[in-house]
Number of protein chains: 2
Amino acid sequence: MKIIKKEADYAVRALLFIAAKNERVPASAVYSSVKAPRSFMRKILQVLSREKVLVSEKGRAGGFRLARKPEETSLLTVVEAFGGRKSRGGCPFDGRACGNYGFCGLREKLGEIEERIFEKLGKTSLKNLLRREDEKKKDYKDN
Amino acid sequence: MKIIKKEADYAVRALLFIAAKNERVPASAVYSSVKAPRSFMRKILQVLSREKVLVSEKGRAGGFRLARKPEETSLLTVVEAFGGRKSRGGCPFDGRACGNYGFCGLREKLGEIEERIFEKLGKTSLKNLLRREDEKKKDYKDN
DNA sequence: TTTAAATGATACCATTTTAGTATCATATAA
DNA sequence: TTATATGATACTAAAATGGTATCATTTAAA
């Protein structure tokens, strides 16, 4: 069971990095911090930009910055940017005939579960994640 | 996002069919009811048998029956039978280095979500599903 | 005005996972 | 002894995921 794919995972890490910087950051800086393959990360940033999660500027002093405040971008947004919500309803058949015409308790149940996942992803913002990590680091220092 | 794969989906449907029959059922009966490819379904039933979800009898009047009462087999059991829980912790890197040494707020969060999914799958038994479908059919008749 | 450093678009390839098929061996009741 | 079952297992096909590479365009600064 895989909630998000590597693409989205790298994306989140990249976003956290950019959020922490709080200024325009070039892709090169991102993939030297987040340990992702160069080309792959570039593509990921482009997707985030196309999907309006990031705003980019071209040219020499170009780079990426968050399109919104960290508390306004959720994991769900990121997951959706990479097509993570397209196969809806928890049904591997996408609601097409599956021998269980009309009613399907299983599909219903899986749909419910899926909704909860989306709900939780939707409620987790970049800010939440940043805070979590800060607290952990603090804990560490305290010991 | 895919909570279970087709294999597991077919498996659940097969189990529901067998549960409803409440007697030994040959594979042929299963795949004429559940619309799954013949060979694929045979393999699935074998897995369920190997994993002690079903009990099989060979030979002429052979077939499959539930190893336990319908309320004692959960979706989680089925999902696990098909290896659905092997990549733990919601981390696409399976806990290996991901540039985020030590702390990882994302991993932590995804782990939490995953746990909830398992919890819900664990609490949903074949009996629950059978009942759901019965109720729906009843609703239908009432209208 | 040229050049270096950036993103945009996009086509392509590799790997892994999922889905499905086919075959032969073994057991057993009629 | 034969028809009807499951067991084991090897194989292939298709789809999803992960990753690479190239060329075009933009822009600030030398």
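Just so it is clear: chains get the letters A, B, ... in the order the sequence lines come, proteins before strands, and each one is counted from 1.
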Quick check: do [X] and [Y] have side-chain heavy atoms less than 4.5 Å from each other?
X      : Y     : answer
A:L129 : A:L15 : no
B:R42  : B:R38 : no
A:L121 : B:M1  : yes

Rounded interatomic separation in angstrom, taking [atom1] from [X] and [atom2] from [N]:
X     : N      : atom1 : atom2 : value
B:I4  : C:dT17 : CD1   : P     : 19 Å
A:I44 : D:dT17 : CD1   : P     : 13 Å
A:Q46 : C:dA6  : CD    : C1'   : 11 Å
A:K5  : C:dT17 : NZ    : P     : 15 Å

Q. When every nucleotide of nucleotides 20-30 of chain C is labelled 5' to 3' by its protein contacts under 4.0 Å (heavy atoms), B for base, S for sugar-phosphate only, - for none, what sequence of letters results?
A. BBB---BBBB-
Is the phosphate of [N], meaning OP1 or OP2, less than 4.0 Å from a side-chain N or O of [X]?
X     : N     : answer
A:S28 : C:dA5 : no
A:S49 : C:dG8 : yes
A:S56 : C:dA6 : no

Q. Only one of A:R116, A:R132, A:K123 clears salt bridge (Lys or Arg N to Asp or Glu O under 4.0 Å) with B:E112; which?
A.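 When salt bridge (Lys or Arg N to Asp or Glu O under 4.0 Å) is applied between B:E112 and each of A:R116, A:R132, A:K123, only A:R132 qualifies.
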Q: Please report the closest heavy-atom contact between B:G63 and B:R24, naming both atoms and the distance.
A: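 Taking B:G63 first and B:R24 second, the nearest heavy atoms are C-CG, 3.6 Å.
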Q) Roughly how far apart are B:I113 CD1 and A:L75 CG, rounded to 0.5 Å? A)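 Going from the CD1 atom of B:I113 to the CG atom of A:L75 covers 7.0 Å.
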Q) Checking only heavy atoms, does the side chain of A:E7 share a donor-acceptor pair with the base of D:dG18 at less than 3.5 Å? A)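 When only heavy-atom distances are counted, A:E7 does not reach the base of D:dG18 through any donor-acceptor pair under 3.5 Å.
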